[in-house]
Chemist: 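Have a look at the structure that comes next, please.
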Amino acid sequence: MPHLARQIGQRLGLSLLTLLLLSIVVFAGAQVLPGNVGRAILGPLADPAAVAAINHELGADQPLVLRYLGWIGKFLLGDMGQSYVFRSPVAPFVGAALLNSLKLAAVAFVIVVPLSIGAGVYAATRVGRWQDRTISIAGLSLTVVPEFVSAIALILLFGVWLRWLPISAAIRPGTDWLEQLRRLIMPALPLVIVLFGYIARMARAGTVAALEADYTRTAVLKGLPQRTVIFRHVLRNALLPTITVVASQIGYMIGGLVVVETLFRYQGIGSLILMAARGKDLPMLEAGILVVGALFVLATLAADMLQAGLDPRQRAR
Amino acid sequence: MSERSGLGRVVRSSVFLAGLVIVLFWVGCALFGRWLVPIDPYRDDLLNTLAAPSAAHWFGTDQLGRDVFARVVVGAGPILSVAPAATLLATVAGTALGLLTGYVGGWLDTVLGRLIEVLLALPLIVVSLLVLVALGPSTITVIAVIAIIFTPLIARTVRAAVLAERGLDYVAAAELRGESAANIMFVEILPNVLPPILVETTVRLGYAIFTVASLSFLGFGIQPPSADWGLAISENYGMIVGGYWWTVSFAAAATASLVVGVNLVADGIQAALE
Amino acid sequence: MRRTPRFLDTLRLEASALENHVVDEFLAGRLDRRALLREGSRLGLALPLLGGLLGLPGSAARAQTGKPGATIRIASPTPAGAIDPVSTAGTGGLMMLGQTGEYLVLDQPDLVLRPMLALSWKPNDDATIWNFSLRPNVKFHNGHVLNADDVVATMNRLCDPKIGSSALSAFRGVLAPGGARKVDDLTVAFHLEAANGNFPYLVSSDNYNAIILPADYGGDFEKNFNGTGPFKLDKYTAKLGASFVRNTDYWGPKALPARTEFTFFADQQPQLLALQGDQVDVIAQLAVQGAQGLLSDPDVRIIKTRSALHRQVHMRTDVPKFADKRVRQAIAMTLDRPAIITGLFRGLAEPGNDSPFAPVYPSTDHGVPQRKKDIPAARALMAAAGVPNGFQATLTTERMQEIPDYAVLIQNACAEIGVKLTLKVEDVGSYYGNAKPGESDWLDSEMGITDYGHRGIPNVLLGAPLLGNGAWNAAHFKNPAYDALVAQYGAATDLGVQRGLAGKIQTLLLDETPVIFGYFYNGLAATSAAVSGVKMTGIPQIFLSEATIT
Amino acid sequence: MTAPALELRDLSVGYRARGAEALVLHGLSLSIAPGEVYGLVGESGCGKSTAAFAALRALPRNGFIRGGQVLVDGQDITALDPAGLRQLRQTKVSMVYQDPGRALNPSLTVARQIGEVYEVAGVGRSEAFSRAQAMLLKMRIAGPARVMRAYPHQLSGGMQQRVVIAMALAKNPALLVLDEPTTGLDATVEAEVLDLVQVLRHEFATSILFISHNLAVIGRMCDRVGVLYAGRLVEEGAAADLLSRPLHPYTARLIQCLPSGKRKADGRLETIPGFLPAPDDMTPGCVFAPRCEFADDRCRTIVPPLETQPGHQVACHHADRAQCTIAPAPPRLVSAPIAGAPVLRAVGLSKTYGDVRAVRDVSLALLPGETLGLVGESGSGKTTLARMLLGLEAPDPGGVIELDGRFVAGRAKSRTRADHKALQIVFQNPDSALNRSHTVRRLIGRPLARMAGLPRRQRAARLLELVGAVRLAERYLPMRPRQLSGGLKQRVAIARAFAGDPKVVICDEPTSALDVSVQAAILNLLTDLQASARVSYVFISHDLGVVRYLSDRIAVIYLGRIMEIGPVQAVFDGPHHPYTEALLSAMPGAGARIQLHGEMPSPAALPSGCVFQTRCPRKIGAICETTEPELADEAHAIRCHLPRAEMGRA
């Protein structure tokens with residue numbers, strides 16, 4: 001177990017290094033974004049003197065390295081800094097956006113994971129038959145349909161014609177959770193559609209491999225009931241790779257939903273990052289991207305640990 | 001066991017054929033659509049905007065009075081030039097990078113590996129948007145951005161395949177006769193990692209179409225006056241509630257059919273090569 | 001012949017020369033009633049007097065169809081940053097400012113200035129000093145009583161180059177720090193850097209940053225929205241929305257709605273859905289583009305305001321392709337403006353005649369013939385310019401409302417005379433870049449389309465985009481004759497003189513055509529049919545104090 | 001009379017692949033009496049495993065039974081419903097297959113996996129646990145409690161196979177199918193597992209279907225043997241009788257292919273020309289006819305029935321003639337090592353990876369024309385040593401490699417073209433060693449171009465010469481490796497190694513992936529090439545029989561250390577190092593087996609003193625734990641404290 005602890009420590013260290021690198025890349029990369037923050041705040045027609053004054057006030061006219069050092073110093077102490085554009089602390093913005101993104105991701109997750117894994121496993125047990133072909137091909141086709149295409153179909157169907165679900169996911173403060181959930185269903189569905197085929201295929205492939213594995217045959221030849229064979233022997237091994245796949249989608253589920261957020265005017269972290277980039281709001285941009293990056297890294301780490309927990313071979317290594 | 005194994009099996013797969021038919025249909029539209037459609041897809045008709053489907057305009061007209069049918073047919077063009085170009089570029093670069101990191105390894109592998117991880121920690125669509133905000137959208141930029149984003153993904157696949165090959169004895173045999181690293185990478189290893197590269201390329205092509213369409217939808221991809229589907233959806237999706245469903249639905253269906261077609265082809269190839 | 005009320009004589013005794021001139025013009029029949037109102041208001045003629053002059057009833061009358069006490073829900077664009085009257089720019093933010101903040105003067109949709117926090121204003125004879133009398137007993141929401149110090153501080157803050165104010169470009173060359181001076185507790189004198197006959201517009205709601213703040217304003221407007229208006233802040237959540245409640249201490253008639261709730265939207269489409277889905281009552285700003293379905297919806301009321309909102313299509317006069325004015329004329333002649341207005345705006349726009357003089361401005365000379373589509377003539381011009389077969393060029397622009405569509409239309413139109421345009425449609429930020437030559441696609445592109453907002457007077461539009469030293473001169477247009485005419489126009493205080501100069505400017509610009517002004521479109525808002533009393537301006541601002549729901 | 005434990009009646013089994021069907025078993029009939037061990041032998045691809053799976057109705061998804069019956073304990077299992085089948089599997093049949101690591105579920109403990117066999121029969125969980133532990137004890141597992149808690153990957157291959165066997169025997173089955181149960185295990189471990197099976201078959205009185213390609217193993221384990229060729233039973237009889245007096249030409253040939261104690265100087269090994277027919281091959285007559293030296297028109301047209309001879313059945317029209325092929329092959333000329341300067345000399349080679357000390361201070365020398373056999377169990381460091389010699393791994397600093405008295409660089413990259421030419425390798429697995437996207441012409445042509453340094457025209461001639469030398473027909477030149485059989489591929493690999501006229505060729509288990517008939521041909525070829533090209537070999541193998549056949553000298557390696565080195569005769573005859581003695585005793589047909597204690601220690605934690613002391617059956621005492629014995633510089637050197645006189649002898 002100390003071995004495992006060391007391994008986790010190592011992974012965490014590497015992850016932090018990755019995030020540090022990421023922060024530098026973003027800081028440097030943001031410099032090629034057009035305009036400057038004063039210009040972004042005051043608009044294109046503002047007087048250059050006013051722009052210079054506001055840049056000076058924000059410290060945005062200092063050398064890049066100084067700004068980075070100042071920023072990272074505070075960031076490491078837990079202060080995400082002040083938004084240039086909103087002139088107020090970044091943390092509440094990022095927090096609210098992150099919470100929204102997490103809610104949406106959670107709803108999508110809760111729908112898609114059981115659904116797709118169930119479908120994938122079912123397809124695997126019917127391998128080569130029509131049920132399998134249907135699930136595989138439908139999943140495959142759905143996975144690649146851009147979210148805005150499926151979302152439009154959903155809006156037309158549920159929002160406009162059937163009027164079952166609200167077409168806007170925006171949640172005002174104080175909305176009760178049931179209503180929130182209702183509003184999140186439609187934005188979550190395009191994600192479900194995109195991820196369903198992907199996860200189902202992984203689950204299917206893992207299950208097919210596990211079903212064909214020698215140890216499964218051993219279990220069958222022990223005369224175990226099929227349920228026991230599937231649940232005790234097949235799934236445990238089959239779904240290990242699926243965990244990683246699901247985790248690898250966390251980054252996308254949290255930060256990559258610009259399209260869905262745009263369509264359903266949902267204030268997630270994806271649109272926050274984009275907005276920050278457009279406004280040259282460096283502290284906001286950094287915080288947004290680092291939060292998404294950290295979540296992704298954490299999710300991967302968690303998935304690896306979960307996998308290690310389930311797979312004794314990795315536990316010992 | 002036989003020579004025809006790979007190709008023969010691919011061609012006999014019904015999934016592959018179905019996908020191929022769809023893709024070829026759109027490729028045909030992209031190449032010859034301009035001459036097939038009865039109405040100039042770019043001609044505006046400001047006195048006849050947003051007309052419902054009729055005998056004159058089978059799919060109706062858009063907000064500038066342009067014929068939606070003609071635009072859907074011709075709209076296959078931009079995405080089918082941008083996405084494959086980006087994919088091809090990414091494949092070439094990713095293959096080279098994957099061979100280098102996989103075969104040469106060492107610090108190169110470590111550094112590139114870390115960079116790839118940094119990139120993967122970012123939502124790709126956001127990254128591409130940032131780049132496009134910075135550089136301004138143009139077809140070339142879109143191709144470059146998607147190529148750059150896909151390169152590490154392809155490199156990762158290639159690297160994994162190369163690592164598996166690298167452990168095989170024929171590589172050792174080549175080293176034992178003093179072959180150069182370049183020779184080993186490109187002459188010895190490359191032909192053997194072509195199948196996974198081919199699969200990855202077709203899969204990536206599907207995602208490239210997905211991404212180009214999404215970028216166009218967000219306004220950062222293919223630019224007006226192109227008949228591009230994503231752009232058309234972006235320009236019109238607000239109007240579906242107003243009842244102008246035809247301005248969006250056909251382009252959406254076309255996008256969906258193309259990505260599905262490409263993925264069926266990818267799946268067919270993958271199934272045959274595995 | 002109009003009757004000459006006797007009280008006019010008394011009035012004229014107190015009036016300045018400028019004011020007396022307006023009355024003369026009216027009496028001579030050269031100003032119609034609307035124009036008199038506008039001119040009178042500009043020069044500070046008190047409205048009751050004007051009303052008397054025109055035989056209008058008092059302004060107190062309100063068209064009231066619904067019951068007071070409603071909650072009005074408004075969809076408005078998301079403010080792009082902190083709400084700070086000093087720095088805020090952009091529609092979402094300025095709409096917020098106007099909810100609790102007030103100006104010295106309100107520029108109404110018909111361009112008539114109406115007293116707000118100033119009761120009256122008067123220029124000296126050469127219009128270099130303007131005196132504003134303030135309304136007494138006006139209380140800020142925090143209880144502070146408005147006095148001249150607040151106004152002086154507010155104005156000096158806005159025109160100070162050391163403070164990043166959005167209004168600086170408007171005041172530059174007109175008002176310098178220290179130019180606003182307290183005369184007494186309720187009088188402020190503005191000492192201008194140069195004569196300006198239209199100065200009240202600069203401190204009106206047109207200059208949306210100019211809401212009057214307490215002298216000790218600390219940059220924290222967003223926390224309390226401390227203004228003087230009919231509504232007080234209830235709650236503001238950045239990026240999400242804001243709500244306001246009736247200000248029971250308001251100096252004027254109390255607001256009818258008990259509460260207003262703003263929800264911010266990044267795009268128009270979801271706002272349409274929200275209005276039709278009865279999730280909001282008002283869309284504060286509407287573009288025709290994408291809202292065509294709404295225009296014919298019987299459940300929706302469209303509020304339209306004639307305005308100077310427009311797009312400028314500049315052609316770089318200093319690049320060889322466009323150097324010949326015949327080429328520029330030819331290109332301007334390819335546009336079928338009435339068709340564009342029908343197709344892009346469903347008629348909710350007026351044709352532009354390639355000068356900033358929008359039809360809505362009183363000084364506009366309507367005698368200058370309107371440019372029309374004429375392909376043969378355009379081809380002839382191209383041939384005369386030595387490019388009968390046209391050329392290729394890039395049209396750069398920003399992604400905003402109908403502009404990309406407009407670009408496509410220009411592209412198609414130009415193709416008719418062989419000019420092949422490649423479109424480059426950019427993110428707004430990318431298009432403007434650093435807004436400096438060499439660092440901005442806007443100012444550097446050989447041809448581009450730029451959006452311009454509404455202004456109550458054309459002065460700014462005549463200046464920065466077209467003057468030889470203009471900061472926004474994307475066409476790189478340099479014409480001393482033009483510059484001289486604009487200088488004269490700016491100094492002119494008399495409408496007749498202005499109109500005469502306008503005619504010359506219009507003719508000059510029509511000939512040179514550095515910029516195509518294809519159309520001036522209406523400012524639009526939409527409400528559900530049950531809502532009435534919503535007021536808007538072309539800026540666009542939205543005023544809800546008289547809104548009701550039936 | 002009791003029913004046979006297993007009876008196959010006219011069983012035909014096939015596979016469906018991409019729409020096409022191919023029969024793999026053709027009317028197979030056999031019967032196993034209660035308590036009997038029946039061996040099914042044949043080369044790869046003949047249908048052995050299919051028969052095994054068919055016997056349990058556990059064919060892969062694409063397999064199907066075309067005709068015939070399978071009776072287990074008198075019950076026709078082809079007619080059972082799923083419940084009945086499950087019932088049968090719960091109580092009556094078990095199977096053990098080749099790779100125990102894969103037969104065990106990686107994510108469940110051993111206790112769970114054995115326990116569930118009892119649980120499914122209705123035993124409570126704690127009772128199942130104690131029974132499982134008891135079962136492990138019966139498997140001669142020393143610390144059953146530890147093994148019970150372990151996950152499969154924490155166990156060695158031999159231990160895993162014991163667990164699998166424990167699982168199989170837990171239900172006390174009427175029939176146990178063992179499908180190549182020891183293939184892939186080291187010789188010493190294999191011998192132990194086989195011993196265990198021998199004991200258990202009596203203890204449990206179970207009938208066994210024992211499937212193997214290894215005639216020696218079959219001969220040792222079985223009562224009766226059936227020989228399978230291309231899905232047909234061609235011969236069946238009592239084990240001893242069949243192996244000593246084969247009646248079918250195929251069986252006879254197969255036996256003769258084995259080196260069985262011969263040396264290369266004793267003569268060529270027998271081979272079987274031609275190839276196994278493809279499953280869809282519909283040639284009439286005897287399936288073996290195309291490869292049979294006795295085949296005549298009758299053989300090519302009429303399928304020989306399985307005819308009963310006394311205690312023996314055979315399907316051959318010429319059963320009487322098979323015997324006469326068993327005749328000692330004539331001795332032949334082989335190259336003898338040339339005394340004098342060694343062609344390859346390694347001094348003090350070590351290889352350390354972190355904690356792992358894979359090879360420690362190995363020195364050896366190779367004379368021109370000499371073959372040095374390198375013997376040791378998996379993990380002993382043989383392959384690492386070979387890779388160091390080749391330059392694929394750099395030795396730890398201090399190690400020296402000399403070719404013809406010249407120092408050569410540690411890494412292949414830094415070596416000269418002459419070094420590359422002089423030192424080549426034939427790998428174990430030709431599928432891995434040959435680039436599958438290149439043609440045979442290219443595979444051999446490229447090394448020729450690089451190393452022979454010949455002008456283009458001569459190169460073509462040299463290519464043909466080389467191809468001829470490895471007995472590869474010219475028609476194979478445009479083919480790619482996947483179109484070739486394993487033997488042909490290995491010929492290509494050998495041709496490649498000889499392209500630059502090497503002085504030393506390292507053969508890393510070049511025949512272990514091949515069937516015996518093919519192995520024989522390759523061994524013959526290597527011998528011939530050595531005779532003609534005067535090349536030296538370092539021949540790595542775990543098969544002592546093969547090493548003995550080919551080598552002049554033998555080095556025995558254990559945990560990265562050379563334990564014994566000397567002329568082949570001396571090493572085989574003794575005196576032996578105790579480890580060598582144990583290895584030799586594990587050879588099939590050897591006398592009393594010498595048991596080694598425990599398992600090979602990890603090379604990351606080497607024992608103190610003699611590395612073998614933890615397992616040595618002849619450990620003297622404390623000295624073994626404190627002092628590592630020297631390896632004297634003599635012709636037959638042994639690293640052991642034991643006086644020579646007390647060492648074992650064959």
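Throughout, protein chains are lettered first and strands after them, A, B, ... in sequence-line order, and every chain is numbered starting at 1. Here the structure is a predicted model, which means the values were calculated and not measured.
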Chemist: Does atom CZ of D:Arg16 have more than 12 heavy-atom neighbours, drawn from other residues, nucleotides or ligands, at distances under 6.0 Å?
Modeler: yes
Chemist: Go through D:Pro106, D:Pro152, D:Ala58 and name the one with the most non-hydrogen pairs under 4.5 angstrom from chain A.
Modeler: D:Pro106
Chemist: Using a cut-off of 6.0 Å, state whether more than 12 heavy atoms not belonging to D:Glu127 lie near its atom CD.
Modeler: yes
Chemist: Using side-chain heavy atoms (C-beta onward) and a distance below 4.5 Å, is D:Ser107 in contact with A:Leu240?
Modeler: no
Chemist: Would you mind reporting whether A:Lys222 and D:Gln90 have side-chain heavy atoms less than 4.5 Å apart?
Modeler: no
Chemist: Quick check: are there more than 12 heavy atoms from other residues, nucleotides or ligands sitting under 6.0 Å from CZ of D:Arg201?
Modeler: yes
Chemist: How far apart are the closest heavy atoms of D:Arg86 and A:Leu224, and which atoms are they?
Modeler: CD-O, 3.3 Å
Chemist: When you compare the side chains of D:Gln113 and A:His233, does any donor N or O come within less than 3.5 Å of an acceptor on the partner?
Modeler: no
Chemist: Please classify the contact of D:Val93 with chain A as side chain, backbone, both or neither, using a heavy-atom distance under 4.5 Å.
Modeler: backbone
Chemist: Find the distance between CG (A:Leu221) and CG (D:Leu85) and round it off to the nearest 0.5 Å.
Modeler: 9.0 Å
Chemist: Mind checking the CZ-CZ spacing from D:Arg112 to A:Arg232? Nearest 0.5 Å is all I need.
Modeler: 4.0 Å
Chemist: Counting only heavy atoms not in A:Arg126, do more than 12 fall under 6.0 Å of its CZ?
Modeler: yes
Chemist: Could you have a look at D:Val120, D:Val164, D:Asp99, D:Val117 and say which one has the most heavy-atom pairs with chain A under 4.5 angstrom?
Modeler: D:Val120
Chemist: Give, for atom CG of A:Asn237 and atom CG of D:Asn105, the distance between the pair rounded to the nearest 0.5 Å.
Modeler: 4.5 Å
Chemist: Chain A: which of D:Gln98, D:Arg61, D:Met95, D:Arg57 shares the most heavy-atom pairs with it under 4.5 Å?
Modeler: D:Arg61
Chemist: Quick one: does D:Tyr97's side chain have a donor or acceptor within less than 3.5 Å of a partner on A:Thr218's backbone?
Modeler: yes
